[in-house]
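Scroll down for the structure; my scribbles are underneath it.
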Amino acid sequence: MSSQKQPKEGRVLEVRFVGDEEVLQHIVDKQEGVKGKNAVQILVSLKTPRKSEPEDSEDEDHEVCNEQDYVEALGTAAQASELARTPGKSVKFTTADSPPEEVTSPTRASKRQSTQYKTPSKGKKNQFVSTTPHRLRKRLSAPNLRSDSDSDFSPSNSEEELEAEEEASKLVPESKPASKAPAAGLYKTPVKKAKKVPEPSLVEEYFEAHSSSKVLTSDRTLQKLQTPQLDQDTLCRLLDGTSTAFSAELKQLNKEHERLFHKWMLQLQLGFNIVLFGLGSKRTLLEKFRTSMLLGSIHVVINGFFPSITIRSILNSITEEVLEHEGHFRNPLDQMDFIVKTLKEDPDLQLFLLIHNIDGQMLRGDKTQQILGQLAAIPNLHLIASIDHINAPLSWDQFKMSQFNWLWYETTTYQPYIEETSYENSLLVKQSGALALSSLTHVMRSLTPNARGIFRLLAEFQLENKDNPSYTGLSFQDFYQRCREAFLVNSDITLRTQLTEFRDHKLIRTKKGADGVEYLIIPIETGTLSDFLEKEDKE
Amino acid sequence: MTTSSVSKGCFVFKPSSKKKKTTSLKASDYFHDGKADSQNSESRFETCQSLWQRMKAETERVQEDLNTNILDSLLEFARKSTASFQSKTDDWASRMRASEIPTAALVLGVNVPDHAMTFQSLSALLQESVTPYVVCLQSKECSALKQVLQKVLVQLMGHSVCVEDDDDEEDQSGPRPTGIPSRKMLCSMATLCGWYTAVTQKSASPSPGKKRLSSSKGCGQRPPVVVIFKDLESFTPRVLQEFIVISSQYIQQLPLIFIFGIATSPITIHGMLPHSVSSLLCIQLFQSLSCTQHLATVIDKLVLTTTFPFKLSGKVLQVLISIFLYHDFSVRNFIKGLQLSLLDHFYSQPLSMLCCDKQEARSRAKELSHEDCENIRQLPSFMRYVEKQEPEIQVQLLTCDKRVKDVTQSLLKELHAYHKNYYPVLRCLHALTSSLPKYPLGKQIRELHGICLEKNVWETEEYESAFQLLRMLAKDELVAALRTCTEILKCAKKLGDAVEKLEEFIERFELLDRCSAVVEMGQEGEEELPPQKGLQKKTDLFQLQKSLLERESRRTKKLSKFELLRLAVLDCIDSIVKKHLLPPESQPLHEVFYYSSAGTLRRHLNAAPRTAIQTALNNPYCYLQSEALKSEGGAISNAAPDICIVYKLHLECGRLINLYDWLEAYATVVAAAEGKDPDSAAAAQLDDVKHARFIRAVSELEFLGFIKPTKQKTDHVARLTWGGC
């Protein structure tokens, strides 16, 4: 077929690409070989019981495979990579109505587009070459070791040509099922497949994923899309249009949760605190609880997911707005003591604290949780909170747990986390930089013209180099030179003072280069930066 | 007013004062299920609250009782060390000792939340009877030496001001030697020392009020300063070391006593402090009561008693105990669980208003409403009871409310009587079996109680083997056990006949003792004869063997008097057990007293948030009962919510995930769900909506903590979870 004979001069890669017919033959050979070797291998291998399985599944694979698959399998046999476990490898997505042939596995879709990353999966490989997994792996990664490892396989073989072929024959069956497994799974016998191939145990999976320090995945990036990144506004606009499926069921689910409101109020007043967990945003639920139950009493709503919330602001809003205390506190502990004392003196004052995401990024710290725990332990302060992070309970040790006195309620809502993920902090959303830009202009306005000029110089230089991937920043000496030429500074001390100010405002960052020289960069998106410069120009 | 903003995260809502007055609701207003059923629910709430108050008081009393021993010995220690401070004997040993700081290492166990109460009562007791100067330090307030000193000074000097205000009113004119430490004041040990000498000299000066005070405290004019380190393990070793070294410099002028609260083992002291520091301390070890003993007492006083009508079913008790044993060892949490189950019982069971004392319950039963009667008829246990009655009575029970009320009264009475007998018999059985080898019926009485709650205890194998062992008991042990049994049973009025029977047995055992000597003599004589005869005959090995076997079999067949008596007494006990240790489920109307929804309790006390999230992601059908989501064997419908699909796809990846590939895989799955031909160009093409949905799903996964952005490679994320579902 389409595979060509690789020139042998390379000597580094012994893998040769061979035609289909040959491959078929070799597979048969190999199976026999495996059987023949059993006698020897049984002594060293603990995995012999599995041996009968691969044959069956392989046979099936033969029937369903098409030539295209072969090319891919062969073309990439040499790359051992983890990305073989591309999404969708063995996930089954059942469709109720469409015939199974029409279901496309994601793997297949991606396969069509590129062949460069199709590689055998190690997990699968174990199944098929269970006799010598280690050795084969070695061969795949470091074929030069062949000379010492080959001897047990083919002691009589001295001819390189033959040997290489055998290599190929061994590699082919390994790689093929792996790349084809999803296709087979989807086309033909999904259930059977699932039964036949025992899932590698979770422990094995973990160590496999972490066994090599180098992770190989495909090199494709989101730049290939027409719209690599959406900004928050577009995202919201697009998502507003989508209708939510299962609205009836979701409503039902919500109704069940709402039935608990009375119970929550009761338990809150009897000294328990309530924490909600489960998939889905619990914001609307808590908001509903607030509007239906808490309007008659003093309450504080805290958005724990808010990116710049601090324990101080929480305590301040309690002391200043709830307790109407004027004056400052030296530290949160003092403030805490004050709150405890005041609330103790006035037992009629019932204060409800409603924290969305008590496990929020900014509230995760041990100190913060300690203070929140102390707050929760006050008898006439009632706390109802939600958690979403899977490891959230780890932030509470036994002592804090007893302070919080939680009652857990599972409230799975399946509601999208709209508000919680809306602060441009998620990884796929384009940082439009609206916030950054406005803060930048504000800071700039308070600076002297010279300082503005200095910053501008750096910004322009950075923009000039925006297409240079190895740009590490402008070195201090260069920068000083440029500033001098532009008559912006007269000594490097002036420049350093200026830079310190920039650094305090987080406008620049310094990095030590490999040569020990300081490099300066502006940690702001290029788009935002050019917007900023344009705006400056206009003024 | 909205609660979302890009500039702040805290929103305070204060209702206008007018509104506040009209809508101030108390806890009782939320007690009903949202239904208007006020009268019943109110009385239920009151019953619940009063019952809880009583239970709480009881737990506190138990705690105090348990702590008395250890607290007494600690007080004794404090007094003794004070005395050694004051005795000015001049021998070498006491001078050596004088330079060491007396330290009590108080090992309290890992159940840290329970410690707070112990420390509270300890410091109260110390202040009452040894010294007014007690300082409690917590590790979280003491991250640096400066803070430690500050804390000590503030607590001591602030305290002394209070004392003066109370006691020295006639001493107003004199200048105050101390004041609240100002912010600028230097916090140092020297300051403290100066303050201490000033205070003690002042109290030594002839002021009648003071003299009375100090003499009543019984520690002379130099009361020690006690510093309690509540959680020694969490202190920074460095801070602790420095504090100890500094303190030891001042020990001559300032009689200090340390108390270390230790959760793990006393070895930690030596782990934290090098020898040079620990040699400055004179450590005495105090071991507090273990938490399991504490739990046993609490269960004994709260659960295994007729004092409180509220009862826990076997499953609930098991949940609470396993949370205790496998999670926290915290008695406080156990009591919290008890409180929750009490609350939930009264909240969810409308008939729980009958769950009160006997008299009260009877009068309430007389005034049952029609609805309540209907509720009673619905109870499974009551239905079983009705089925056993004569047909005409059945009809009456099902139609006439008055009849139901009468029967309810008598049934409640029976239930109370049942409990009155149940607990003594349970204790009695426990007394008999708790010392058997391998503890077939459990070492702790709660285990036996658990078995008895679940099923007929005499049908279990454990009971069988326990009685087999009992049948082999020696006389002394058996009689002793029987004695304790009669003691226990005497407490119950209605078990008089059982007590009488057992006492009779004991008497007969004793009688046996007295005449046994005579009988044995006779027996021996009897038995001795024939073999002698046999032996005198000419020896025949076969004959000998035969006669020996014969003797053996005769012996097994013929039981001694003691053995017969033993069997009889055990049969008697067996019959008592069978009569009184019936599981509560067999009793009609048991639902009124027993709280049985163990699942609820476990979900609220011992939840597994991560499992819940992963179940929701893996199997949305669990939560959304839609046919479209039904799927078998680990597969997931492609109509599932986006986040489920994206999660499922991510499970297939290695350590790093390429976002582009992920997106593509997602798009393909969703296209299939929309019924498009996956091979057509339209499906391959990504529209913006799908892209946006993907972005949201990925952001949500990041928010939940399944993935995180990584810089290792462009457009990749790192996977964070392995295993689990």
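Here is how names work: the chains are called A, B, and so on, in the same order as the sequence lines, proteins then strands, and each is numbered from 1. This is a predicted model, so every value here is computed, not measured.
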**Asked** Is chain B contacted by the side chain of A:Gln398, its backbone, both, or neither, given a heavy-atom distance below 4.5 Å?
**Response** both

**Request:** Answer with side chain, backbone, both or neither: which region of B:Arg603 has an atom nearer than 4.5 Å to a non-hydrogen atom of chain A?
**Result:** backbone

**Message:** Pair A:Leu270, B:Trp52 - check side-chain contact (heavy atoms from CB on, under 4.5 Å), show working.
**Reply:** CA-CA 11 Å; A:Leu270 290 180; B:Trp52 169 238; over 6 Å; no

**Asked** Taking the side chain from A:Tyr414 and the backbone from B:Ala616, do they hold a donor-acceptor pair closer than 3.5 Å?
**Response** yes

**Asked** For chain B, which of A:Ile309, A:Leu407, A:Asp359 has the most heavy-atom pairs under 4.5 Å?
**Response** A:Leu407

**Message:** Tell me which of these, A:Met362, A:Lys400, A:Gln361, A:Arg283, has more heavy-atom pairs under 4.5 Å with chain B than the rest.
**Reply:** A:Arg283

**Asked** Between B:Asn333, B:Leu340, B:Val689, B:Leu617, which shows the greatest number of heavy-atom pairs under 4.5 Å with chain A?
**Response** B:Leu340

**Message:** Test side-chain contact (heavy atoms from CB on, under 4.5 Å) on A:Thr412 and B:Thr615; report intermediate values, then the result.
**Reply:** CA-CA 10 Å; A:Thr412 302; B:Thr615 318; over 6 Å; no

**Item:** Nearest-0.5 Å distance that lies between atom SG in B:Cys10 and atom CG in A:Asn303
**Value:** 8.0 Å

**Asked** Can you name the nearest heavy-atom pair linking A:Gly296 to B:Pro15, along with the distance?
**Response** O-CG, 3.5 Å

**Request:** Please indicate whether A:Glu321 has more than 12 foreign heavy atoms, meaning atoms of other residues, nucleotides or ligands, lying under 6.0 Å from its CD.
**Result:** yes

**Prompt:** Are side-chain heavy atoms of A:His389 and B:Leu704 found at a separation under 4.5 Å?
**Reply:** no

**Prompt:** Do B:Ile643 and A:Leu279 touch side chain to side chain, with heavy atoms closer than 4.5 Å?
**Reply:** yes

**Backbone N/O of A:Tyr417 and side chain of B:Glu700: donor-acceptor pair under 3.5 Å** = yes

**Asked** Would you say A:Lys367 has more than 12 foreign heavy atoms packed within less than 6.0 Å of its NZ?
**Response** no

**Complete:** Smallest heavy-atom separation, A:Val322 atom then B:Lys14 atom, equals O-NZ, 3.2 Å

**Prompt:** Based on non-hydrogen pairs under 4.5 Å, which of B:Ser330, B:Ala612, B:Ala116 is most in contact with chain A?
**Reply:** B:Ala612

**Prompt:** Is B:His604 reaching over with its side chain to a backbone N or O of A:Trp408, donor-acceptor style, under 3.5 angstrom?
**Reply:** yes

**A:Ile418: side chain to side chain contact (heavy atoms under 4.5 Å, CB included) partners, not counting sequence neighbours** = A:Pro416

**Item:** Side chain to side chain, A:Ser313 and B:Lys8, heavy atoms closer than 4.5 Å
**Value:** no

**Asked** Heavy atoms, side chains only, cut-off 4.5 Å: are A:Ile387 and B:Pro609 in contact?
**Response** yes

**Message:** Within 45 degrees of the ring normal and closer than 6.0 Å to the centroid, is that where the cationic atom of B:Arg610 sits relative to A:Phe277?
**Reply:** no

**Message:** Is it the case that atom CZ in B:Arg602 sees more than 12 heavy atoms from other parts of the structure closer than 6.0 Å?
**Reply:** no

**Request:** Please list, chain by chain and in numerical order, all residues satisfying ring-ring contact (aromatic ring centres under 6.0 Å, His included) with B:Tyr623, sequence neighbours excluded.
**Result:** none

**Request:** Could you look at B:Cys644 and say if it's the side chain, the backbone, both or neither that has a heavy atom under 4.5 Å from chain A?
**Result:** side chain

**Message:** Check this for me, if you would: do A:Lys263 and B:Asp344 make a salt bridge, where the nitrogen-to-carboxylate-oxygen distance has to be below 4.0 angstrom?
**Reply:** yes

**Prompt:** Any side-chain heavy atom of B:Phe13 sitting closer than 4.5 Å to one from A:Val300?
**Reply:** no

**Prompt:** Would A:Asn357 and B:Phe703 count as a side-chain contact (heavy atoms from CB on, under 4.5 Å) if you check the C-alpha gap in whole Å, the side-chain angles of each, and the deciding distance to 0.1 Å?
**Reply:** CA-CA 11 Å; A:Asn357 283 100; B:Phe703 183 68; 3.4 Å; yes

**Asked** Most heavy-atom pairs under 4.5 angstrom with chain B, which of A:Asp366, A:Asn405, A:Asp388, A:Val301?
**Response** A:Val301

**Request:** Against chain B, label A:Leu253 side chain, backbone, both or neither, depending on which of its atoms sit under 4.5 Å from a heavy atom there.
**Result:** side chain

**chain B contacts, top residue of A:Trp264, A:Phe261, A:Phe352, A:Phe272 (heavy-atom pairs, under 4.5 Å)** = A:Phe272

**Message:** Shorter than 4.5 Å, heavy atoms on both sides: which option in B:Asp328, B:Leu605, B:Leu720 has the most such pairs with chain A?
**Reply:** B:Asp328

**Message:** I'd like to verify something: which residue of A:Gln370, A:Gln267, A:Gln350 has the highest number of heavy-atom pairs under 4.5 Å with chain B?
**Reply:** A:Gln370

**Request:** For A:Gln374 and B:Lys140, run side-chain contact (heavy atoms from CB on, under 4.5 Å): C-alpha distance rounded to whole Å, both residues' side-chain angles, the deciding distance at 0.1 Å, then the answer.
**Result:** CA-CA 12 Å; A:Gln374 267 176 293; B:Lys140 67 170 183 218; 3.7 Å; yes

**Message:** Given heavy-atom pairs under 4.5 angstrom as the criterion, report whether the side chain, backbone, both or neither of B:Ala718 touches chain A.
**Reply:** neither

**Prompt:** From A:Thr421 OG1 over to B:Ile695 CD1, what is the distance, rounded to the nearest 0.5 angstrom?
**Reply:** 11.0 Å

**Message:** Among B:Gly9, B:Cys622, B:Gly705, which residue has the highest count of heavy-atom pairs closer than 4.5 Å to chain A?
**Reply:** B:Gly9

